[in-house]
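Notes to accompany the following structure.
The structure displayed is predicted, hence computed values, not measured ones. Position 1 is the first residue of the sequence; numbering continues from there.
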Amino acid sequence: MARVVVDVMLKPEILDPQGQAVQRALPRLGFDGISDVRQGKRFELEVDGPVDDATLARIHDLAESFLANTVIENFSVRVDNNETHAAEAVK
């Protein structure tokens, strides 16, 4: 089983109020030196079998038509070759 990751972010010219709220809160929490925060979405898709070009093309179509609003968001599709899941890496 393989994992494909779709990352969705607001386009740079689109206002990100949630990212701005986080940015404003960081100094109060003791995190200085962070000049910008952008908030996005991450989708992890478990794929049965190998991930070939046709599978990636189908997932790209899925992201373009369902996971992202391409008017205001950009997205990327990639195969996750990392054995350690993000949730496991956070301790």
Side-chain angles (χ1 to χ4, degrees):
M1 190 172 303
R3 173 175 291 151
V4 176
V5 175
V6 179
D7 289 309
V8 180
M9 293 292 296
L10 288 170
K11 291 181 177 182
E13 63 272 15
I14 302 298
L15 181 66
D16 183 359
Q18 187 172 357
Q20 289 176 340
V22 170
Q23 180 184 357
R24 285 190 304 269
L26 291 176
R28 292 191 308 267
L29 298 171
F31 296 99
D32 295 319
I34 301 196
S35 60
D36 193 25
V37 175
R38 301 288 289 175
Q39 178 267 330
K41 300 179 279 191
R42 173 184 167 114
F43 298 91
E44 295 182 356
L45 307 164
E46 297 291 334
V47 178
D48 294 330
V51 177
D52 56 13
D53 289 341
T55 302
L56 284 176
R58 284 184 28 239
I59 293 173
H60 183 279
D61 290 344
L62 166 71
E64 187 172 40
S65 63
F66 183 66
L67 301 179
N69 176 349
T70 57
V71 173
I72 62 169
E73 295 174 320
N74 293 322
F75 68 91
S76 65
V77 177
R78 64 182 169 82
V79 177
D80 184 7
N81 294 321
N82 188 357
E83 297 284 327
T84 305
H85 300 292
E88 295 170 353
V90 177
K91 297 194 183 219

Non-hydrogen atoms of [X] and [Y] that approach each other most closely:
X	Y	result
Lys11	Thr70	NZ-O, 3.0 Å
Ile72	Ile14	O-CG1, 3.6 Å
Pro50	Thr55	O-OG1, 4.0 Å
Met9	Gln39	CE-O, 3.9 Å

Quick one: which residue pairs count as a ring-ring contact (aromatic ring centres under 6.0 Å, His included) with a foot in residues 34-73, not counting sequence neighbours?
His60-Phe75
Spacing of [X] atom [atom1] and [Y] atom [atom2] [to the nearest 0.5 Å]:
X	Y	atom1	atom2	result
Leu45	Leu67	CG	CG	6.5 Å
Met1	Glu46	CE	CD	6.0 Å
Leu15	Gln20	CG	CD	4.5 Å
Ile59	Arg78	CD1	CZ	12.5 Å

Go through the steps for Val6 and Leu62 under the test side chain to side chain contact (heavy atoms under 4.5 Å, CB included), then give the verdict.
CA-CA 10 Å; Val6 179; Leu62 166 71; over 6 Å; no
Are any side-chain N or O atoms of Asp80 and backbone N or O atoms of Val5, one a donor and one an acceptor, separated by less than 3.5 Å?
no
Please determine whether the number of non-hydrogen atoms from other residues, nucleotides or ligands lying under 6.0 Å from atom CG of Asp53 exceeds 12.
no
Is atom CZ of Arg38 surrounded by more than 12 heavy atoms (other residues, nucleotides or ligands) closer than 6.0 Å?
yes
With Asp32 via side-chain hydrogen bond (donor to acceptor under 3.5 Å, both in side chains) - residues at least two apart:
none
Group every Ile, Leu, Val, Met, Phe, Trp and Tyr by side-chain heavy-atom contacts under 4.5 Å, then state whether Val8 and Val22 land in the same group.
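No: no chain of side-chain contacts under 4.5 Å links Val8 to Val22.
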